[in-house]
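Report on one structure; see the data block that follows.
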There are 2 protein chains.
Amino acid sequence: MSATVSVKDVAAAAGVSVGTVSNVLNRPDRVGAATRSRVEAAIEQLGFVRNESARHLRAGASRTIGYLVLDAANPFFTDVAKGVEEAARDAGLAVFLCNSDNSRQRERDYLELLFEQRVRGVLVTPVDPAGVEASLPPGVGVPVVLVDRTGGEKYCSVSVDDVYGGRLAGQYLAESGHERIAFVGGPESVGQVQDRLAGFREAVEGVGAPIVLPTAALTVAEGRAAGQRLAGMPASRRPTAAFCANDLLALGLLQEMTRLRIRVPEDLAIIGYDDIEFAAAAAVPLTSVRQPRHQIGRTAAELLTEETEAADGRAHRHRQVVYLPELIVRESTITA
Amino acid sequence: MSATVSVKDVAAAAGVSVGTVSNVLNRPDRVGAATRSRVEAAIEQLGFVRNESARHLRAGASRTIGYLVLDAANPFFTDVAKGVEEAARDAGLAVFLCNSDNSRQRERDYLELLFEQRVRGVLVTPVDPAGVEASLPPGVGVPVVLVDRTGGEKYCSVSVDDVYGGRLAGQYLAESGHERIAFVGGPESVGQVQDRLAGFREAVEGVGAPIVLPTAALTVAEGRAAGQRLAGMPASRRPTAAFCANDLLALGLLQEMTRLRIRVPEDLAIIGYDDIEFAAAAAVPLTSVRQPRHQIGRTAAELLTEETEAADGRAHRHRQVVYLPELIVRESTITA
DNA sequence: CATACCGTCTGAATCGTTTCACCATCGACG
DNA sequence: CGTCGATGGTGAAACGATTCAGACGGTATG
């Protein structure tokens with residue numbers, strides 16, 4: 001039981017050579033029917049499970065890719081992951097999910113682990129927009145595709161134009177007549193936050209600079225905290241609209257407003273970002289900037305397989321796919 | 001670049017034998033300082049990355065575990081996963097997350113993959129409570145721990161007493177004076193659903209049998225659908241309280257009630273299950289049966305490492321850890 | 001001076017699978 | 001009857017890292 005069964009054991013039990021066992025496993029048609037069933041019986045009976053490490057050591061290529069995600073608890077990423085898995089499955093690959101949880105250290109550790117495993121390729125949403133390359137030992141021969149970030153010319157990437165998304169939100173609020181407008185989000189080190197704020201700033205310029213409420217993370221709890229700060233402002237100077245860097249923040253903010261009896265959208269209009277499922281499911285359904293989450297995942301996985309296959313032939317040109325987000329208007333911003 | 005570098009290349013570059021390179025990697029103290037730095041320079045310069053497959057083939061043990069999850073989009077599981085990762089990290093292990101997405105087929109595929117990789121151990125929340133063993137090729141020597149399910153005597157497991165949880169919800173509603181009570185959940189094949197309903201049934205027996213609204217899945221969308229069915233009932237016969245098999249359903253139900261202007265909790269009290277973060281963040285904060293999500297994950301990972309280590313020594317006795325859930329009362333059931 | 005011993009390094013064997021050149025058997029064909 | 005082709009099977013080499021018995025100087029010990 002405890003001793004693991006190898007092809008050798010199977011071969012002995014079936015009275016054939018190891019080569020034949022391997023053939024049964026990989027090209028059954030090359031083997032006579034009688035022998036084949038004898039080998040198959042032995043496999044079944046001994047409970048043989050092929051050792052990937054050995055197979056892989058010989059073959060050089062694995063059938064697995066890794067997706068290193070920034071925050072597994074954020075529904076945005078799990079939706080992207082679903083797209084990834086779908087496309088990977090179509091290509092006959094399996095996906096290992098890893099969670100860097102916003103930690104540069106864990107990101108590095110997991111990348112190293114994935115490279116050591118010689119996975120077919122790696123998808124990664126990097127913690128630090130700039131420092132991707134620092135964490136990526138170059139030239140291991142493992143293709144890397146950036147997800148939800150661009151990576152210059154050095155990598156394939158799939159991203160969404162966050163500046164444009166911020167602009168969408170800003171324009172909409174400005175056109176709705178709001179004059180005191182807040183931006184809730186942080187930390188600034190996150191590229192997505194920077195870009196969304198930049199686009200937003202630009203769009204609301206006409207009505208004045210936005211009040212920035214920085215947060216320590218993109219979580220529901222931080223959204224609630226920002227809500228308290230916002231509620232603490234005198235009503236005459238309090239913003240009438242808030243754009244949150246993601247939906248988790250927006251949901252937290254919304255909850256806190258409800259608790260403090262500040263009406264949404266009458267007293268405060270709220271826009272989120274990502275359009276996760278919980279955004280529509282909130283009691284005051286959330287206006288949000290939608291990203292094609294599923295599509296992002298699919299495309300990323302497709303770029304990866306493309307790069308993998310190109311490696312065999314001639315050189316591969318890195319591509320940067322950029323999607324445009326879309327504003328989904330719901331009750332949280334509609335004033336009658 | 002494309003050709004991968006092996007210890008042999010490093011050895012050649014540093015002018016030493018492969019054995020020495022290996023020693024630098026694994027027991028640096030056995031190697032002279034001068035030689036060591038020469039080897040390290042070569043490693044750095046060639047961009048050498050150790051091939052896990054080879055190392056592992058020789059060593060027989062990997063430093064990775066797998067966690068095969070039922071639904072990566074359900075925050076409950078991502079929270080459990082966080083606990084798993086934490087404990088695994090303490091034990092020096094890395095975690096690969098896999099998502100069976102409620103599909104028996106994918107569950108089998110991923111288990112096979114993990115076994116083939118000879119991971120140190122596997123945590124799994126099985127799709128089918130009964131058919132775990134069917135999917136688990138026995139005796140591969142890879143320890144398996146069941147999460148959120150019990151597995152008889154054959155596996156270690158960490159679970160929560162779902163019957164008790166259902167009873168908690170039922171008792172609370174019955175004591176609150178509700179007489180027409182609904183249960184929202186499904187499919188019945190899911191063990192968790194069965195148990196929660198059983199406990200619930202038992203507890204509300206005194207006030208009459210619950211009205212069961214079956215759902216096809218444990219998702220927000222299905223919760224909304226159930227809400228429509230519920231709203232379609234004549235007000236005189238409509239339940240005054242609903243217990244949902246998980247929080248996603250409850251959130252969907254809540255949203256639909258709000259949309260249809262059925263007041264929560266005045267017209268309909270709602271109890272969810274899991275107490276995910278979004279439950280507290282809902283605009284009508286949700287009463288919910290809380291499971292120690294994080295603790296479940298930690299304990300599961302600890303049982304796994306325990307079993308792994310015991311394998312070396314004498315026989316291992318499987319343990320079943322069962323936690324008790326706790327009712328968290330919030331506004332969604334409080335009638336003034 | 002011979003011996004023992006230490007620190008350092010080498011080289012070959014090993015893990016389990018795949019692959020490939022090669023062998024045996026047999027029927028068909030000229 | 002010899003030859004040719006299939007067809008089905010064999011066995012050893014190879015993948016890359018680890019490990020272990022031993023080689024080689026050099027120093028301390030008796």
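Naming: A, B, ... by sequence-line order, numbering from 1 per chain. This structure is a prediction, so every number in the text was calculated from the model and none was measured. For the numbers below, each heavy atom of this structure counts, side chains included, while hydrogens, waters and symmetry mates do not.
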Base, sugar-phosphate, or nothing: which does A/Gly19 touch, judged by heavy atoms less than 4.0 Å apart?
->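 Here A/Gly19 touches the bases of the nucleic acid.
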Describe the nucleic acid contact of A/Ser22 in one word from base, sugar-phosphate, nothing, applying a heavy-atom distance below 4.0 Å.
->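 It contacts base atoms.
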Using atom [atom1] of [X] as one end and atom [atom2] of [N] as the other, report the distance to the nearest whole Å.
X	N	atom1	atom2	value
A/Leu57	C/dG16	CG	P	12 Å
A/Glu52	C/dT18	CD	P	9 Å
A/Phe48	C/dG16	CZ	C1'	8 Å
B/Arg38	C/dT10	CZ	C1'	14 Å
A/Lys8	C/dT17	NZ	C1'	11 Å
B/Arg118	D/dA17	CZ	P	20 Å

Between B/Ala34 and B/Arg58, who's closer to the 5' end of DNA chain C by nearest nucleotide?
-> B/Ala34
First of B/Ala59 and B/Gly15 reached from the 5' end of DNA chain C, by closest nucleotide =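 Checking each residue's closest nucleotide, the 5'-ward one belongs to B/Gly15.
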OP1 or OP2 of [N] sitting under 4.0 Å from any side-chain N/O of [X]?
X	N	result
B/Arg50	D/dT18	yes
A/Arg27	C/dT19	yes
A/Ser17	D/dT10	yes
A/Asn51	C/dT17	no
B/Arg30	C/dT8	no
B/Thr20	C/dC9	no

Which residue lies more 5' along DNA chain D, comparing A/Val16 with B/Val7 via nearest heavy atoms = A/Val16
Could you point out which residue of B/Leu123, B/Val158, B/Leu303 forms a side-chain contact (heavy atoms from CB on, under 4.5 Å) with B/Val147?
-> B/Leu123
Per atom distances to the A/Asn23 side chain, the nearest of C/dC9, D/dA17, D/dT10 is D/dT10
Please tell me which of the listed nucleotides, C/dC9, D/dA17, D/dG16, lies nearest to the side chain of B/Val31?
-> C/dC9
Looking only at side chains, do A/His294 and A/Glu86 share a donor and an acceptor under 3.5 Å apart?
->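 The answer is yes; a qualifying pair exists.
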